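Chain A is the first sequence line, chain B the second, and so forth, proteins listed ahead of strands; every chain is numbered from 1. In this text, all values refer to a predicted model and were calculated from it rather than measured experimentally. Because only heavy atoms are used, hydrogens play no part in the values below, and waters and symmetry mates are left out as well, while side chains stay in.
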There are 2 protein chains.
Amino acid sequence: MALLDELIHLLGPEHVLTGADAAPWLTDWRGRYVGSATAVVRPANTEAVAEVVKACARHGAPVVPLGGNTGLVGGGTPDNTGTAVVVSLQRMTQIRSLDTDNDTVTVEAGCILQTLQQAARDAKRLFPLSLAAEGSCTIGGNLASNAGGTQVLRYGNMRELTLGLEVVTPEGEIWHGLRGLRKDNTGYDLRDLYIGSEGTLGIITAATLRLYPQPAASCTALVALDSVSEGVTLLSQARLGFGPALTGFELMSGESLALVTRIYPQQTLPLPASPWFALLELSDSEGQEHARERFETVLGAALESGLAKDAVIAESIAQSKALWHLRESIPLAQAEEGKNIKHDVSIPISRIPEFVETTDALLAARFPGIRQVIFGHLGDGNLHYNVAPPLGVDPEVFLQEQDDVYQLVHDSVHAHSGSISAEHGVGQLKRDELPRYKSQVELNLMRKIKDALDPSGMMNPGKVL
Amino acid sequence: MALLDELIHLLGPEHVLTGADAAPWLTDWRGRYVGSATAVVRPANTEAVAEVVKACARHGAPVVPLGGNTGLVGGGTPDNTGTAVVVSLQRMTQIRSLDTDNDTVTVEAGCILQTLQQAARDAKRLFPLSLAAEGSCTIGGNLASNAGGTQVLRYGNMRELTLGLEVVTPEGEIWHGLRGLRKDNTGYDLRDLYIGSEGTLGIITAATLRLYPQPAASCTALVALDSVSEGVTLLSQARLGFGPALTGFELMSGESLALVTRIYPQQTLPLPASPWFALLELSDSEGQEHARERFETVLGAALESGLAKDAVIAESIAQSKALWHLRESIPLAQAEEGKNIKHDVSIPISRIPEFVETTDALLAARFPGIRQVIFGHLGDGNLHYNVAPPLGVDPEVFLQEQDDVYQLVHDSVHAHSGSISAEHGVGQLKRDELPRYKSQVELNLMRKIKDALDPSGMMNPGKVL
């Protein structure tokens, strides 16, 4: 039987999409990658995923797993040979169980992140992963890319949030690893190997994840700073002063906030212009008043010492939201202004001031008039070091320089012991850059693992390695 | 050249031990395993480790890495063929760097845990790993076994505390993966694969670890409870009430504390006898007074509702220490009383009451008069479910039943979705039990990884797999 017929036999014709029906799953949301496929299939459960993978293995067809299709590196888009089968997990949306005594939830890969956040809230718990795409990204995609977001400082990346996995191997076997255990030292860490492997070692179909107590209150503050270096010092003081109550520490350049208020005039900056700003979030287990008092103590000391130039503490949840909205509007304002070149990098926090200064100077020398839009999760050492064309230059023309800009910035990241992909993954976008920045020893180790677990190379080929 | 001569040539005769000089490294500290070896070698740096491994590879000699030799599963003891080379990391003790702005420390594998804890304290930081053997265990051993301990509830296991590794592969290559990054999504998670692999995939020679702010104060409380189930409820209330300030939650049976006060009459219980006790620790970023107030609020509510029968909050650091000393004396009192059978298991927290009840009943039926000494890190779902002989039975005679007791308890652990090794690892002790409790799919995945990264099988053979 032809593969397409087998797939239709397995799943029914309504869940095997081809032609125009399949098109939305064959391009990423930004339209940067377009692929083709034998079919896009939508299995309803783990056993069906396993059957699909077995059928693909028999026919030698590549398998491309796909979640909410919100990725930024083309990790879920097939190549254009038309031989692949795209396995969409979007029908596997169940929250299989939620255990408040164990503080865990077991959820299928196709569940939307926001749905899970809400289920946790309904059980008076917190699932802390939070990122811009949460309304449409899926847990499976979050796992495949080891998603980060805005609360990593306190709760870690997806790896730290995951206790167990269910995975379909490239042979179509099912690994039932859905453990709800915080300690388990009985062998190799398969869990963390699959997390972040971008579908190249198997398909994650479900996970058991950690829940946390909901904080009694959260409170946000905006602080004006003269330099990145002062941001690092303030972060250090905030960590010491707040301990684990510090759940967010974002750095934003004055330029990036000026862009927001220019593009969205209804948003206003509650402080005078400044070269840099930090956005701090406290999650307090006592209450709003207590959170504000703690802010006043630590930020008061920073103002007194001259480290902070100015600061505003949100007086209400609405004000907290407005401050976060400024931060979240930066990439939207950038998109509104036109195409730009994004970098998702991490650097040891202590070296970030030097990284920004050096890279700014190198870019200015090479591309006169270039405009940096720098913001990110300073608490995690993660910067979105974005670059916009000089004023008056057509973004499309500027984008022709993209590879040169990437290389300049990523060389600088590498020189500062950083990573060229902090949270977005490798996918197609950065695959060919890895050999430039990773040692041959490390690439060989990765290749050995890929060959051992997927000897025929059919799982999401052309991604990562 | 013979291997021994090569090793002497590489390291000098004083660091290649044979005969009686080697004996202390060829048996575990409890004297349960005795092996033999061509030599015990003590390389001084990573390059020397790599040269030793290359020499062993050329001669087809097994390599057994060894840290502080405090393991409980025979993971560092060679077999008795005499062909192995034991590679002791004890000369690699350097703290290579400590970065307070990045909150990281880079340390060599042979550094004693307590030395690292002190170095962190000297820099006004906390390295939170804490366990009974901390005065002699090494960071390398902690990494090889993914060590846990008493603060996992808040800070995680060794995996969660590690950002980067330096590893010598079975080919004698060096993977320079000492990254100080909290976010890095550029490929497979080699780091977490090596952590917990018990020296079977390579030798960890150094690591970059996370540091945390020192809490301003910590405070301990002891609570009397009627049942394990009430312990689980109290844990849930404590998590919600204290948030991340809850850094320890230990459960102890009344019997286990009665054993302590019987064997060590100078230690006294500050509460009347009770079937169960919980020991709670708060780490507060404000101060002692604040910590006590928070204890009073949450424990006050538990007393009022009848959940807790009685409670005492430490009035001083000395009292906190005395409470912890009771907990830490349980295994010592057991050893004092005579040999016993230990289980290091984890269970989803919500199922622990049922596990204890079921397993107690099964054991009592099969081994009448048997005495459980149950304690452990309830906050992590980790119990040390230990078993002492019936009164009047010679422990040596009782130990003949060890395999039957293991099987009964571990079968029950498995039936309650638990793990037969929560924090001690697999080593030699539990290797042959794995196939009973792990699926063939999972064992095959582990085997494929082992074969891919160590095709000649020379790294710590006979351990884990």
Side-chain angles (χ1 to χ4, degrees), chain A residues 99-103 145-146 148 152 157 160 173-177 180-190 192-193 196-197 213 215 232 236 239-240 242-244 285 346 348-350 380-382 418-426 434 438-439 441-442 445-446 448-449 451-453 464, chain B residues 99-102 145-146 148 152 157 160 173-177 180-190 192-193 196-197 213 215 232 236 239-240 242-244 285 346 348-350 380-382 417-426 434 438-439 441-442 445-446 448-449 451-453 464:
Chain A
D99 179 343
T100 51
D101 275 338
N102 199 38
D103 264 352
S145 63
N146 185 32
V152 172
N157 298 289
E160 284 82 34
E173 294 186 303
I174 301 169
W175 172 45
H176 296 282
L181 304 173
R182 282 167 178 74
K183 286 183 175 175
D184 176 22
N185 280 344
T186 56
Y188 302 151
D189 185 6
L190 299 174
D192 291 317
L193 189 58
S197 68
V232 169
S236 195
R239 276 211 218 93
L240 293 172
F242 300 131
S285 45
S346 62
I349 295 165
S350 49
D380 317 318
N382 179 193
S419 164
I420 65 163
S421 184
E423 51 180 14
H424 297 166
V426 177
L434 282 199
K438 275 204 192 289
S439 70
V441 172
E442 182 164 354
L445 290 166
M446 285 170 54
K448 285 178 188 178
I449 289 167
D451 290 345
L453 298 189
V464 184
Chain B
D99 179 344
T100 50
D101 275 338
N102 198 39
S145 63
N146 185 30
V152 172
N157 298 288
E160 284 83 32
E173 294 186 304
I174 301 170
W175 172 44
H176 295 283
L181 304 173
R182 283 165 177 77
K183 287 182 174 173
D184 176 22
N185 279 344
T186 56
Y188 302 151
D189 186 6
L190 300 173
D192 291 318
L193 189 58
S197 67
V232 169
S236 195
R239 274 210 220 96
L240 292 173
F242 300 132
S285 45
S346 63
I349 295 166
S350 49
D380 318 317
N382 178 195
S417 309
S419 164
I420 64 163
S421 184
E423 49 179 16
H424 297 165
V426 177
L434 282 200
K438 273 203 192 291
S439 69
V441 172
E442 182 165 354
L445 289 167
M446 284 170 55
K448 284 178 189 178
I449 289 168
D451 290 346
L453 298 190
V464 184

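- Only the side chain of A/Glu173 comes within contact range of chain B, with heavy atoms under 4.5 Å apart.
- Note on A/Ile420, A/Leu445, A/Asp451: by heavy-atom pairs under 4.5 Å with chain B, the leading option is A/Leu445.
- The candidate with the highest count of non-hydrogen atom pairs below 4.5 Å against chain B, out of A/Pro244, A/Gly243, A/Ser197, is A/Pro244.
- Using a 4.5 Å cut-off between heavy atoms, B/Asn382 contacts chain A through its side chain alone, with no backbone atom that close.
- Atom-to-atom distance recorded for B/His424:NE2 and A/Lys183:NZ is 8.0 Å, nearest 0.5 angstrom.
- The CG atom of A/Leu193 sits 9.5 Å away from atom CG of B/Asp192, with the distance rounded to the nearest 0.5 Å.
- Annotation for B/Glu442 and A/Trp175: closest pair OE1-NE1, 2.9 Å, computed over non-hydrogen atoms.
- Expressed to the nearest 0.5 Å, how far CG of B/Leu240 lies from CG of A/Asp103 amounts to 7.0 Å.
- Ranked by heavy-atom pairs under 4.5 Å with chain A, the list B/Asp101, B/Thr186, B/Asn146 is led by B/Thr186.
- Heavy atoms of B/Glu160 lying under 4.5 Å from chain A belong exclusively to its side chain.
- Only the side chain of A/Val152 comes within less than 4.5 Å of a heavy atom in chain B; its backbone stays farther off.
- Only the side chain of A/Leu190 comes within less than 4.5 Å of a heavy atom of chain B; its backbone N, CA, C and O stay farther away.
- Between chain B and the residues A/Gly180, A/Gly381, A/Pro348, the most heavy-atom pairs under 4.5 angstrom are made by A/Pro348.
- Contact record, A/Gly187 with B/Val426: N-CG2, 4.0 Å, taken as the closest heavy-atom pair.
- Using a 4.5 Å heavy-atom cutoff, the side chains of A/Val441 and B/Ile174 are not in contact.
- Expressed to the nearest 0.5 Å, how far OG1 of A/Thr100 lies from CD1 of B/Ile349 amounts to 11.0 Å.
- Contacts between B/Val464 and chain A at a heavy-atom distance below 4.5 Å involve the side chain alone, from C-beta outward.
- Heavy-atom distances place the side chain of A/Leu181, and not its backbone, under 4.5 Å from chain B.
- Across all non-hydrogen atoms, the minimal contact from A/Arg239 to B/Pro213 is O-CG, 3.2 Å.
- Between the side chain of B/Asn157 and the main chain of A/Arg182, a donor-acceptor pair closer than 3.5 Å is present.
- With A/Asn185 contributing its side chain and B/Ser145 its backbone, the two residues share a donor-acceptor pair below 3.5 Å.
- Only the side chain of A/Ser236 comes within contact range of chain B, with at least one heavy atom under 4.5 Å from a heavy atom of that chain.
- If you measure heavy-atom distances from B/Leu434 to chain A, the contacts under 4.5 Å come from the side chain alone.
- With chain B as partner, the option from A/Ser285, A/Ala452, A/Ala422 having the largest number of non-hydrogen pairs under 4.5 angstrom is A/Ala422.
- For B/Asp99, the part lying near chain A is the side chain, with the backbone staying farther off; criterion is any non-hydrogen pair under 4.5 Å.
- Ranking A/Gly148, A/Ser421, A/Gly425 against chain B, the residue ahead of the rest is A/Ser421, based on heavy-atom pairs under 4.5 Å.
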